Amino acid sequence: MSRAPAVGIDIGGTKIAGALVDAEGRITHREQLPTPREGTSQILDATAELVTTLVAGAGGEVSGVGMACAGMVDGRAGRLWFSPNLPLRDLDVAGEVRRRTGHDVVLENDANAAAWGEYRFGSGIDCDDMLLATVGTGVGGGCIIDDRLLRGAFGIGGEIGHVTMDPHGPRCGCGNHGCLEVYASGTALERYARELVSSGEAKGAGLRERCGDAPEELTGQDVTELARDGDEGAVALLTRLGTRLGEGLASVCAVVDPAVVVIGGGVADAGDLLVDPAREAFAAHLIGRGHRPSPTIVVATLGNDAGLVGAATLAREITT
């Protein structure tokens, strides 16, 4: 296997991040560009420009180019079916970037790429069966089964955020109702916080003071910071979020049966305030509890770099 660095690209709604990643999963150089707002061609052009810049920074020799993008991705074909935050639909993204750069490209869903990064170099290292749950604006997921990334027939495997928790629940961005994402995401945390402030309950006093009686201004970071300071209402909100996450993960684990569940994403920065209630709810809802080994729940270690590292590593391992 080549020891040359691989290129990792993460195409997001606001920025396109890129990095050179060595064979040990270490990022040795970073670049980024703002995500163009104009349309498909501009996004592809910017992505190709970033790839070219990174390849030049590696002296012209790389062991692969991997890209991660949020949405429904067929990694085998390099095709993006749909992205919720980008104007990209039913598009051969890998082929378009290859045509612009001359480099073969591996495309993967961002949560799948992050799962591979954690599996190879993070909290899931040396674990052949691992589930990653990314808790950010939404809830994403990636699953490793028997040392292989679960993609599914159409590349949509591992979308745990859209497991239905309550078909009569609030509408999800995907169009369905009551998805796990509706109850256990950063967006859900903000909704819970705004509801608490608007309710006038005493335990929402700290949040009310934080936002100056403007609940629409509250963010998940506000909740986390107050919870770290011991605010009763904020702690209760993270407990609620973690509980719903744990319930959903228990259902997913009835299907994929991982040895380790890794929780990542921006909301995971809350640490034990989120993870402890998730563990408790998970243990209470796991099928066969008390009569079987239980998966371990841990926090991701690669943070926001997991997608870059995973995409680059997948490209290295597929193309060399």
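Quick caveat, the model's predicted, so the values are computed rather than measured.
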- Query: Pick from Arg194, Arg208, Arg210: which one makes a salt bridge (Lys or Arg N to Asp or Glu O under 4.0 Å) with Asp222?
  - Reply: Arg210
- Pair Glu96 + Arg99: basic N to acidic O under 4.0 Å: yes
- Evaluate the side-chain proximity of Leu302 to Arg120: yes if any heavy-atom separation is below 4.5 Å, no if none is. no
- Within a reach of under 6.0 Å around CD of Glu225, are more than 12 heavy atoms found that belong to other residues, nucleotides or ligands? yes
- Query: With a 4.5 Å heavy-atom cut-off, do Val260 and Ser123 have their side chains touching?
  - Reply: no
- Arg292 versus Ile287: any side-chain heavy-atom pair under 4.5 Å? yes
- Query: Charged N to carboxylate O under 4.0 angstrom, Glu108 versus Arg151?
  - Reply: yes
- Item | 4.5 Å side-chain heavy-atom contact, Thr101 and Val65 | no
- Message: Can you tell whether the side chains of Arg244 and Asp166 come within less than 4.0 Å, N to carboxylate O?
- Response: no
- Evaluation steps, side-chain contact (heavy atoms from CB on, under 4.5 Å), between Glu159 and Asn109: CA-CA 10 Å; Glu159 287 287 354; Asn109 166 270; 3.7 Å; yes
- Mark yes when over 12 heavy atoms from residues, nucleotides or ligands other than Met165 sit less than 6.0 Å from its CE; otherwise mark no. yes
- Can you check salt bridge (Lys or Arg N to Asp or Glu O under 4.0 Å) on Arg30 and Asp305, steps first, answer last? CA-CA 11 Å; Arg30 298 177 188 269; Asp305 290 336; 2.8 Å; yes
- When rounded to the nearest 0.5 angstrom, what is the spacing between CG in Leu286 and CG in Asp257? 8.5 Å
- Between Pro258 and Pro295, what is the shortest heavy-atom contact and its length? O-CG, 3.3 Å
